[in-house]
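One structure is given here, and the rest of the page talks about it.
Below, chain A is the first sequence line, B the second, and so on; all start at residue 1. Here the structure is a predicted model, which means the values were calculated and not measured.
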Number of protein chains: 2
Amino acid sequence: MSATPEHRVSTGERINDQEPAGHLQRELRARHIRLTRQRRVVVQVMESAARHLDANEILELAQQIDPEITQVTVYRTLELLKRHALIDELDLLHLRGHRHFYESHGPRDHIHVACVGCGKVREVESPLYEELKQQISRDCGIEISVARTEIGGLCEACRAKA
Amino acid sequence: MSATPEHRVSTGERINDQEPAGHLQRELRARHIRLTRQRRVVVQVMESAARHLDANEILELAQQIDPEITQVTVYRTLELLKRHALIDELDLLHLRGHRHFYESHGPRDHIHVACVGCGKVREVESPLYEELKQQISRDCGIEISVARTEIGGLCEACRAKA
DNA sequence: ATAGATGCAAATATTTTGCCGCCAG
DNA sequence: CTGGCGGCAAAATATTTGCATCTAT
(Lines give C-alpha, C1' and ligand atoms only; values in the text may rest on other atoms or scores of the structure.)
Protein backbone atom coordinates (compact mmCIF):
# COMPACT_ATOMS: atom_id res chain seq x y z
CA MET A 1 0.00 0.00 0.00
CA SER A 2 1.44 3.32 -0.96
CA ALA A 3 1.10 6.12 1.47
CA THR A 4 1.90 9.51 0.14
CA PRO A 5 3.99 11.71 2.39
CA GLU A 6 0.97 13.99 2.68
CA HIS A 7 -1.26 11.64 4.55
CA ARG A 8 0.16 8.69 6.35
CA VAL A 9 -1.70 5.45 6.18
CA SER A 10 -1.17 2.61 8.57
CA THR A 11 -2.54 -0.85 7.99
CA GLY A 12 -4.31 -3.38 10.14
CA GLU A 13 -2.48 -3.68 13.40
CA ARG A 14 -2.21 -0.49 15.28
CA ILE A 15 1.28 0.67 15.89
CA ASN A 16 1.41 3.08 18.70
CA ASP A 17 4.41 5.10 17.67
CA GLN A 18 3.09 8.51 18.47
CA GLU A 19 3.19 8.34 22.21
CA PRO A 20 6.07 7.68 24.55
CA ALA A 21 5.50 4.80 26.93
CA GLY A 22 4.12 5.91 30.25
CA HIS A 23 2.38 8.85 28.67
CA LEU A 24 -1.03 8.14 30.18
CA GLN A 25 0.37 7.53 33.62
CA ARG A 26 2.27 10.78 33.49
CA GLU A 27 -0.83 12.64 32.38
CA LEU A 28 -2.80 11.25 35.28
CA ARG A 29 -0.09 12.22 37.73
CA ALA A 30 0.09 15.72 36.27
CA ARG A 31 -3.63 16.09 36.85
CA HIS A 32 -3.37 14.92 40.45
CA ILE A 33 -5.55 11.93 39.75
CA ARG A 34 -5.12 9.10 42.20
CA LEU A 35 -2.88 6.45 40.70
CA THR A 36 -4.11 3.18 42.05
CA ARG A 37 -2.63 -0.21 41.32
CA GLN A 38 -5.62 -0.99 39.10
CA ARG A 39 -5.43 2.21 37.10
CA ARG A 40 -1.77 1.65 36.45
CA VAL A 41 -2.60 -1.75 35.01
CA VAL A 42 -5.40 -0.52 32.74
CA VAL A 43 -3.25 2.33 31.54
CA GLN A 44 -0.41 -0.05 30.81
CA VAL A 45 -2.73 -2.24 28.78
CA MET A 46 -3.97 0.75 26.81
CA GLU A 47 -0.47 1.90 26.04
CA SER A 48 0.80 -1.42 24.82
CA ALA A 49 -2.28 -2.30 22.80
CA ALA A 50 -1.44 -3.24 19.24
CA ARG A 51 -5.04 -2.92 18.16
CA HIS A 52 -8.38 -1.59 19.24
CA LEU A 53 -9.65 -3.32 22.35
CA ASP A 54 -13.13 -3.55 23.77
CA ALA A 55 -13.87 -3.37 27.49
CA ASN A 56 -13.76 -7.12 27.91
CA GLU A 57 -10.46 -7.55 26.09
CA ILE A 58 -8.99 -4.83 28.25
CA LEU A 59 -10.17 -6.72 31.32
CA GLU A 60 -8.60 -9.96 30.15
CA LEU A 61 -5.26 -8.37 29.38
CA ALA A 62 -5.34 -6.50 32.66
CA GLN A 63 -6.05 -9.70 34.56
CA GLN A 64 -2.94 -11.28 33.07
CA ILE A 65 -0.99 -8.59 34.85
CA ASP A 66 -3.10 -8.39 37.99
CA PRO A 67 -5.79 -11.06 38.41
CA GLU A 68 -7.50 -9.01 41.10
CA ILE A 69 -8.85 -6.39 38.77
CA THR A 70 -12.56 -6.45 37.93
CA GLN A 71 -14.66 -5.43 34.95
CA VAL A 72 -16.34 -2.70 36.96
CA THR A 73 -13.02 -1.06 37.63
CA VAL A 74 -12.11 -1.30 33.98
CA TYR A 75 -15.33 0.48 33.04
CA ARG A 76 -14.81 3.15 35.67
CA THR A 77 -11.24 3.71 34.60
CA LEU A 78 -12.17 3.93 30.94
CA GLU A 79 -14.83 6.45 31.86
CA LEU A 80 -12.21 8.46 33.73
CA LEU A 81 -9.72 8.40 30.88
CA LYS A 82 -12.42 9.31 28.42
CA ARG A 83 -13.58 12.22 30.53
CA HIS A 84 -10.04 13.56 30.58
CA ALA A 85 -9.75 13.11 26.82
CA LEU A 86 -6.86 10.69 27.24
CA ILE A 87 -8.54 7.92 25.29
CA ASP A 88 -11.05 7.82 22.47
CA GLU A 89 -14.09 5.64 22.26
CA LEU A 90 -14.98 4.09 18.92
CA ASP A 91 -17.51 1.61 17.74
CA LEU A 92 -16.02 0.93 14.33
CA LEU A 93 -19.40 1.19 12.64
CA HIS A 94 -20.73 -1.69 14.73
CA LEU A 95 -19.13 -4.06 12.28
CA ARG A 96 -18.37 -6.40 15.14
CA GLY A 97 -21.42 -5.98 17.35
CA HIS A 98 -22.42 -3.15 19.53
CA ARG A 99 -19.52 -2.94 21.88
CA HIS A 100 -17.10 -0.06 22.11
CA PHE A 101 -13.46 0.04 21.37
CA TYR A 102 -10.83 2.20 22.95
CA GLU A 103 -7.51 3.65 21.97
CA SER A 104 -5.16 6.05 23.66
CA HIS A 105 -5.58 9.50 22.24
CA GLY A 106 -2.62 10.54 20.12
CA PRO A 107 -1.55 14.09 19.36
CA ARG A 108 -3.47 14.11 16.08
CA ASP A 109 -6.90 12.84 15.18
CA HIS A 110 -7.14 10.10 12.65
CA ILE A 111 -9.87 8.55 10.60
CA HIS A 112 -10.81 4.92 11.01
CA VAL A 113 -11.33 3.13 7.75
CA ALA A 114 -12.89 -0.30 8.14
CA CYS A 115 -13.60 -2.98 5.60
CA VAL A 116 -17.16 -4.20 6.01
CA GLY A 117 -16.10 -7.51 4.54
CA CYS A 118 -13.07 -8.61 6.53
CA GLY A 119 -13.26 -6.11 9.35
CA LYS A 120 -9.72 -4.84 8.95
CA VAL A 121 -9.27 -1.32 10.26
CA ARG A 122 -6.80 1.26 9.00
CA GLU A 123 -5.97 4.54 10.57
CA VAL A 124 -5.53 7.51 8.30
CA GLU A 125 -4.37 11.03 8.91
CA SER A 126 -5.00 13.82 6.47
CA PRO A 127 -4.41 17.57 6.34
CA LEU A 128 -7.76 17.74 4.63
CA TYR A 129 -9.34 16.38 7.79
CA GLU A 130 -7.70 19.07 9.88
CA GLU A 131 -8.92 21.66 7.43
CA LEU A 132 -12.44 20.27 7.57
CA LYS A 133 -12.50 20.43 11.35
CA GLN A 134 -11.32 24.02 11.30
CA GLN A 135 -13.99 24.93 8.83
CA ILE A 136 -16.66 23.35 10.98
CA SER A 137 -15.33 24.96 14.10
CA ARG A 138 -15.55 28.33 12.39
CA ASP A 139 -18.91 27.81 10.74
CA CYS A 140 -20.63 26.36 13.77
CA GLY A 141 -18.89 28.53 16.33
CA ILE A 142 -17.91 25.40 18.23
CA GLU A 143 -14.77 24.66 20.19
CA ILE A 144 -14.07 21.10 19.12
CA SER A 145 -13.09 18.64 21.83
CA VAL A 146 -13.87 15.32 20.16
CA ALA A 147 -13.84 14.33 16.52
CA ARG A 148 -14.67 10.88 15.29
CA THR A 149 -14.79 9.73 11.70
CA GLU A 150 -15.44 6.16 10.74
CA ILE A 151 -15.61 5.08 7.15
CA GLY A 152 -16.70 1.69 5.91
CA GLY A 153 -16.57 -0.08 2.60
CA LEU A 154 -15.14 -3.06 0.78
CA CYS A 155 -11.38 -3.27 0.52
CA GLU A 156 -9.64 -4.46 -2.63
CA ALA A 157 -9.14 -7.99 -1.38
CA CYS A 158 -12.78 -8.39 -0.43
CA ARG A 159 -13.99 -6.94 -3.72
CA ALA A 160 -11.84 -9.49 -5.54
CA LYS A 161 -13.38 -12.34 -3.55
CA ALA A 162 -16.92 -11.24 -4.38
CA MET B 1 -25.42 11.58 35.37
CA SER B 2 -28.50 10.62 33.42
CA ALA B 3 -30.19 12.99 31.03
CA THR B 4 -32.05 15.81 32.70
CA PRO B 5 -35.43 16.83 31.30
CA GLU B 6 -33.81 19.90 29.83
CA HIS B 7 -31.34 17.78 27.95
CA ARG B 8 -34.11 15.74 26.48
CA VAL B 9 -35.62 18.77 24.82
CA SER B 10 -32.59 19.59 22.80
CA THR B 11 -31.56 16.54 20.88
CA GLY B 12 -31.21 18.72 17.85
CA GLU B 13 -33.95 19.73 15.48
CA ARG B 14 -33.62 17.90 12.26
CA ILE B 15 -35.32 19.33 9.25
CA ASN B 16 -35.89 16.65 6.73
CA ASP B 17 -36.14 18.67 3.56
CA GLN B 18 -34.00 16.51 1.35
CA GLU B 19 -36.31 13.61 0.75
CA PRO B 20 -39.78 13.46 -0.74
CA ALA B 21 -42.35 11.83 1.50
CA GLY B 22 -42.79 8.16 0.78
CA HIS B 23 -39.23 7.79 -0.38
CA LEU B 24 -38.37 4.87 1.87
CA GLN B 25 -41.54 3.00 1.05
CA ARG B 26 -40.89 3.41 -2.65
CA GLU B 27 -37.35 2.17 -2.24
CA LEU B 28 -38.53 -0.95 -0.46
CA ARG B 29 -41.08 -1.64 -3.14
CA ALA B 30 -38.48 -1.15 -5.86
CA ARG B 31 -36.31 -3.76 -4.17
CA HIS B 32 -39.17 -6.24 -3.91
CA ILE B 33 -39.01 -6.19 -0.16
CA ARG B 34 -42.19 -7.29 1.50
CA LEU B 35 -44.16 -4.27 2.64
CA THR B 36 -45.93 -5.28 5.78
CA ARG B 37 -48.23 -3.10 7.82
CA GLN B 38 -45.54 -2.78 10.50
CA ARG B 39 -42.79 -1.81 8.09
CA ARG B 40 -45.00 0.85 6.60
CA VAL B 41 -45.46 2.35 10.05
CA VAL B 42 -41.78 2.34 10.98
CA VAL B 43 -40.90 3.84 7.64
CA GLN B 44 -43.52 6.53 8.08
CA VAL B 45 -42.08 7.41 11.48
CA MET B 46 -38.57 7.62 10.06
CA GLU B 47 -39.68 9.89 7.26
CA SER B 48 -41.57 12.32 9.42
CA ALA B 49 -38.96 12.46 12.18
CA ALA B 50 -37.94 16.01 13.01
CA ARG B 51 -34.96 14.85 14.96
CA HIS B 52 -32.78 11.82 15.59
CA LEU B 53 -34.72 9.04 17.23
CA ASP B 54 -33.51 6.04 19.17
CA ALA B 55 -35.07 2.59 18.87
CA ASN B 56 -37.40 3.17 21.79
CA GLU B 57 -38.62 6.53 20.55
CA ILE B 58 -39.30 4.98 17.18
CA LEU B 59 -41.35 2.29 18.90
CA GLU B 60 -43.38 4.84 20.84
CA LEU B 61 -44.16 6.92 17.79
CA ALA B 62 -44.98 3.81 15.81
CA GLN B 63 -47.35 2.62 18.52
CA GLN B 64 -49.26 5.87 18.27
CA ILE B 65 -50.03 4.91 14.71
CA ASP B 66 -50.41 1.19 15.26
CA PRO B 67 -50.44 -0.02 18.90
CA GLU B 68 -49.82 -3.59 17.79
CA ILE B 69 -46.25 -3.05 16.77
CA THR B 70 -43.50 -4.40 19.04
CA GLN B 71 -39.95 -3.38 19.83
CA VAL B 72 -38.59 -6.54 18.25
CA THR B 73 -40.16 -5.63 14.94
CA VAL B 74 -38.75 -2.14 15.20
CA TYR B 75 -35.27 -3.57 15.68
CA ARG B 76 -35.69 -6.01 12.82
CA THR B 77 -36.98 -3.31 10.52
CA LEU B 78 -34.18 -0.92 11.44
CA GLU B 79 -31.72 -3.70 10.74
CA LEU B 80 -33.34 -4.22 7.35
CA LEU B 81 -33.26 -0.55 6.44
CA LYS B 82 -29.68 -0.26 7.60
CA ARG B 83 -28.63 -3.27 5.56
CA HIS B 84 -30.12 -1.65 2.49
CA ALA B 85 -28.39 1.63 3.28
CA LEU B 86 -31.71 3.44 3.53
CA ILE B 87 -31.04 4.72 7.03
CA ASP B 88 -27.94 5.63 8.96
CA GLU B 89 -27.12 4.62 12.48
CA LEU B 90 -25.50 7.17 14.76
CA ASP B 91 -24.59 7.33 18.38
CA LEU B 92 -23.94 11.04 18.60
CA LEU B 93 -20.74 10.53 20.56
CA HIS B 94 -22.65 8.75 23.32
CA LEU B 95 -23.55 12.14 24.71
CA ARG B 96 -26.89 10.67 25.73
CA GLY B 97 -25.94 7.20 26.79
CA HIS B 98 -25.11 4.22 24.70
CA ARG B 99 -28.16 3.91 22.55
CA HIS B 100 -28.24 4.37 18.81
CA PHE B 101 -30.01 6.97 16.79
CA TYR B 102 -31.38 6.65 13.32
CA GLU B 103 -32.06 8.94 10.41
CA SER B 104 -33.21 8.30 6.91
CA HIS B 105 -30.27 8.42 4.55
CA GLY B 106 -30.33 11.53 2.37
CA PRO B 107 -28.66 11.93 -0.99
CA ARG B 108 -25.55 13.46 0.57
CA ASP B 109 -23.58 12.58 3.66
CA HIS B 110 -23.45 15.12 6.38
CA ILE B 111 -21.44 15.66 9.50
CA HIS B 112 -23.08 15.66 12.91
CA VAL B 113 -21.86 18.45 15.11
CA ALA B 114 -22.99 18.08 18.70
CA CYS B 115 -22.55 20.39 21.67
CA VAL B 116 -21.28 18.40 24.62
CA GLY B 117 -22.90 20.96 26.90
CA CYS B 118 -26.49 21.28 25.74
CA GLY B 119 -26.67 18.29 23.43
CA LYS B 120 -27.86 20.25 20.43
CA VAL B 121 -26.97 18.58 17.16
CA ARG B 122 -26.34 20.34 13.91
CA GLU B 123 -25.99 18.75 10.52
CA VAL B 124 -23.37 20.12 8.21
CA GLU B 125 -22.50 19.40 4.62
CA SER B 126 -19.17 20.37 3.13
CA PRO B 127 -17.44 19.94 -0.22
CA LEU B 128 -14.29 19.43 1.80
CA TYR B 129 -15.88 16.35 3.32
CA GLU B 130 -16.63 14.92 -0.10
CA GLU B 131 -13.07 15.59 -1.11
CA LEU B 132 -11.75 13.89 1.99
CA LYS B 133 -13.80 10.77 1.33
CA GLN B 134 -12.54 10.61 -2.23
CA GLN B 135 -8.99 10.92 -1.07
CA ILE B 136 -9.46 8.11 1.43
CA SER B 137 -11.20 5.93 -1.08
CA ARG B 138 -8.27 6.39 -3.44
CA ASP B 139 -5.52 5.97 -0.86
CA CYS B 140 -7.03 2.95 0.85
CA GLY B 141 -8.42 1.33 -2.27
CA ILE B 142 -11.78 1.11 -0.59
CA GLU B 143 -15.23 1.42 -2.08
CA ILE B 144 -16.95 3.53 0.54
CA SER B 145 -20.45 2.45 1.55
CA VAL B 146 -20.80 4.17 4.92
CA ALA B 147 -19.28 7.36 6.23
CA ARG B 148 -19.92 8.71 9.66
CA THR B 149 -18.43 11.82 11.20
CA GLU B 150 -19.41 13.07 14.60
CA ILE B 151 -17.83 16.13 16.09
CA GLY B 152 -18.28 17.33 19.64
CA GLY B 153 -17.43 20.51 21.48
CA LEU B 154 -18.90 23.46 23.32
CA CYS B 155 -21.17 25.75 21.36
CA GLU B 156 -21.06 29.51 21.79
CA ALA B 157 -24.03 29.63 24.12
CA CYS B 158 -22.54 26.99 26.41
CA ARG B 159 -19.12 28.65 26.43
CA ALA B 160 -20.79 31.88 27.51
CA LYS B 161 -22.53 30.11 30.37
CA ALA B 162 -19.28 28.59 31.66
C1' DA C 1 -6.92 11.11 58.35
C1' DT C 2 -9.89 11.12 54.64
C1' DA C 3 -11.62 11.75 50.08
C1' DG C 4 -12.01 8.92 46.82
C1' DA C 5 -11.31 4.03 44.73
C1' DT C 6 -12.40 -0.80 44.55
C1' DG C 7 -15.17 -5.23 44.77
C1' DC C 8 -19.31 -7.56 44.87
C1' DA C 9 -23.80 -8.27 43.54
C1' DA C 10 -27.61 -6.73 41.58
C1' DA C 11 -29.91 -3.57 38.68
C1' DT C 12 -30.31 -1.39 34.01
C1' DA C 13 -30.17 -0.93 29.36
C1' DT C 14 -29.98 -2.56 24.91
C1' DT C 15 -30.23 -5.82 21.33
C1' DT C 16 -30.82 -10.61 19.65
C1' DT C 17 -32.89 -15.29 19.11
C1' DG C 18 -36.02 -19.52 19.02
C1' DC C 19 -40.24 -20.91 17.98
C1' DC C 20 -44.75 -20.84 16.05
C1' DG C 21 -48.72 -18.92 13.96
C1' DC C 22 -49.85 -15.51 10.27
C1' DC C 23 -49.95 -12.71 6.07
C1' DA C 24 -48.15 -10.34 1.64
C1' DG C 25 -47.32 -11.42 -2.80
C1' DC D 1 -49.85 -21.35 -1.34
C1' DT D 2 -45.74 -20.55 0.93
C1' DG D 3 -41.59 -18.37 2.44
C1' DG D 4 -40.74 -14.69 4.77
C1' DC D 5 -42.47 -11.84 8.78
C1' DG D 6 -44.23 -10.50 13.42
C1' DG D 7 -45.24 -11.56 18.30
C1' DC D 8 -43.96 -13.48 22.56
C1' DA D 9 -40.81 -14.73 25.90
C1' DA D 10 -36.42 -15.48 27.08
C1' DA D 11 -31.54 -15.09 26.30
C1' DA D 12 -27.48 -12.68 25.39
C1' DT D 13 -24.71 -8.55 25.74
C1' DA D 14 -23.20 -4.45 27.61
C1' DT D 15 -22.93 -1.09 31.08
C1' DT D 16 -24.11 1.19 35.56
C1' DT D 17 -25.07 1.66 40.58
C1' DG D 18 -25.51 1.02 45.85
C1' DC D 19 -22.98 0.05 49.49
C1' DA D 20 -19.37 -1.55 52.54
C1' DT D 21 -14.47 -1.70 52.67
C1' DC D 22 -9.95 -0.37 51.59
C1' DT D 23 -6.02 2.77 50.10
C1' DA D 24 -3.26 6.58 47.90
C1' DT D 25 -1.94 10.81 49.14
Side-chain angles (χ1 to χ4, degrees), chain A residues 24-43 45 52-60 62-63 65-84 87 89-102, chain B residues 1-4 7-8 25-45 52-60 62-63 65-84 87 89-102:
Chain A
L24 288 178
Q25 182 161 328
R26 263 201 317 288
E27 277 298 326
L28 290 179
R29 196 184 300 278
R31 290 163 204 233
H32 307 293
I33 291 164
R34 212 173 274 199
L35 255 180
T36 63
R37 177 168 50 88
Q38 293 90 334
R39 286 182 178 174
R40 252 189 288 264
V41 173
V42 170
V43 148
V45 167
H52 303 105
L53 305 171
D54 68 23
N56 188 60
E57 291 168 328
I58 292 170
L59 172 67
E60 283 171 1
Q63 285 184 330
I65 302 173
D66 176 352
E68 298 294 278
I69 204 168
T70 67
Q71 183 78 83
V72 176
T73 296
V74 169
Y75 273 118
R76 287 199 269 230
T77 304
L78 289 174
E79 176 62 30
L80 174 85
L81 295 171
K82 200 172 54 169
R83 202 166 52 242
H84 285 269
I87 59 171
E89 185 178 57
L90 319 165
D91 49 35
L92 301 180
L93 296 168
H94 306 143
L95 259 40
R96 305 179 52 203
H98 281 169
R99 61 200 135 154
H100 301 124
F101 299 88
Y102 301 88
Chain B
M1 199 184 279
S2 42
T4 68
H7 271 149
R8 218 157 244 312
Q25 182 161 329
R26 261 201 318 288
E27 277 297 325
L28 290 180
R29 196 183 300 278
R31 292 164 202 231
H32 307 294
I33 291 165
R34 209 174 275 198
L35 254 179
T36 62
R37 178 167 51 85
Q38 293 90 334
R39 286 182 178 174
R40 252 189 288 264
V41 173
V42 171
V43 148
Q44 183 184 332
V45 167
H52 303 104
L53 304 171
D54 67 25
N56 188 59
E57 291 168 328
I58 292 170
L59 173 67
E60 284 171 2
Q63 285 183 330
I65 301 172
D66 177 352
E68 298 295 277
I69 204 168
T70 66
Q71 183 78 84
V72 176
T73 297
V74 169
Y75 273 117
R76 287 198 269 230
T77 303
L78 289 174
E79 177 61 30
L80 175 83
L81 296 171
K82 201 171 55 169
R83 202 166 54 242
H84 285 270
I87 60 170
E89 185 178 58
L90 319 166
D91 49 34
L92 300 180
L93 295 168
H94 306 143
L95 259 40
R96 309 250 152 280
H98 282 167
R99 61 198 135 157
H100 300 125
F101 299 89
Y102 300 88

**Request:** Look at A:Arg76 together with A:Glu79 and state whether they make a salt bridge at an N to O cut-off of under 4.0 Å.
**Result:** no
**Complete:** Residue pair B:Arg40/B:Gly97 against DNA chain C: nearer the 5' end by closest nucleotide is B:Gly97
**Item:** Integer-rounded Å distance: C:dT14 P and A:Asp91 CG
**Value:** 15 Å
**Asked** Hey, is the side chain of B:Tyr75 poking within less than 4.0 Å of OP1 or OP2 on C:dT15, counting only N and O atoms?
**Response** yes
**Message:** Check this one for me: any side-chain N or O of A:Gln38 less than 4.0 Å away from OP1 or OP2 of C:dG7?
**Reply:** yes
**Complete:** Per atom distances to the B:Thr36 side chain, the nearest of C:dA9, D:dT15, C:dA24 is C:dA24
**Asked** Which one, D:dT25, C:dT15, D:dA9, comes nearest to the side chain of A:Leu35?
**Response** D:dT25
**Item:** Whole-Å gap separating P (D:dC5) and CZ (B:Arg83)
**Value:** 9 Å
**Request:** Would you mind telling me which of C:dG25, C:dG4, D:dG6 lies closest to the side-chain atoms of B:Arg34?
**Result:** C:dG25
**Request:** Measure the distance from CG on A:Leu28 to P on D:dT25 and round it to the nearest whole Å.
**Result:** 11 Å
**Request:** Could you tell me whether the phosphate oxygens of C:dT6, OP1 or OP2, come under 4.0 Å of any side-chain nitrogen or oxygen in A:Thr70?
**Result:** no
**Request:** Write down the distance between CG (B:Leu78) and P (D:dG6), rounded to a whole number of angstrom.
**Result:** 12 Å
**Request:** Please check the phosphate of C:dA13 (OP1 and OP2 only) for any side-chain N or O of B:His98 closer than 4.0 Å.
**Result:** no
**Message:** Is there a side-chain contact between A:His100 and the phosphate of D:dT15, meaning an N or O under 4.0 Å from OP1 or OP2?
**Reply:** yes
**Message:** Quick check: do A:Gln38 and A:Val41 have side-chain heavy atoms less than 4.5 Å from each other?
**Reply:** no
**Asked** Rounded to the nearest Å, what distance is computed from the CD1 atom of residue A:Ile33 to the P atom of nucleotide C:dA5?
**Response** 9 Å
**Asked** How is B:Glu68 classified with respect to the nucleic acid when contacts are heavy atoms under 4.0 Å: base, sugar-phosphate, or nothing?
**Response** sugar-phosphate
**Fill in**
To the nearest angstrom, the CD-P distance between A:Gln71 and C:dT6 comes to 14 Å
**Prompt:** Which one of B:Arg37, B:Gln44, B:Arg40 satisfies the side-chain contact (heavy atoms from CB on, under 4.5 Å) criterion with B:Ile65?
**Reply:** B:Gln44
**Request:** Taking B:Arg39 for its side chain and B:Arg34 for its backbone only, find out whether a donor-acceptor pair lies under 3.5 Å.
**Result:** yes
**Request:** Nearest whole angstrom, please: distance from the P of C:dT12 to the CZ of B:Arg99.
**Result:** 17 Å
**Item:** B:Arg76, nearest nucleotide to its side chain (from C:dT6, C:dT17, C:dA9)
**Value:** C:dT17
**Complete:** Taking D:dT15, C:dA3, D:dG7 as options, the one with an atom nearest any side-chain atom of B:Thr73 is D:dG7
**Message:** Without decimals, in angstroms, what is the distance between A:His32 NE2 and C:dG4 P?
**Reply:** 14 Å
**Request:** Using only side-chain N and O atoms of B:Arg37, determine if any of them is under 4.0 Å from OP1 or OP2 of D:dG6.
**Result:** no
**Request:** Can you establish whether the number of heavy atoms outside B:Arg26 located under 6.0 Å from its atom CZ is more than 12?
**Result:** yes
**Within-4.5 Å side-chain heavy-atom neighbours: A:His84 and A:Leu80** = yes
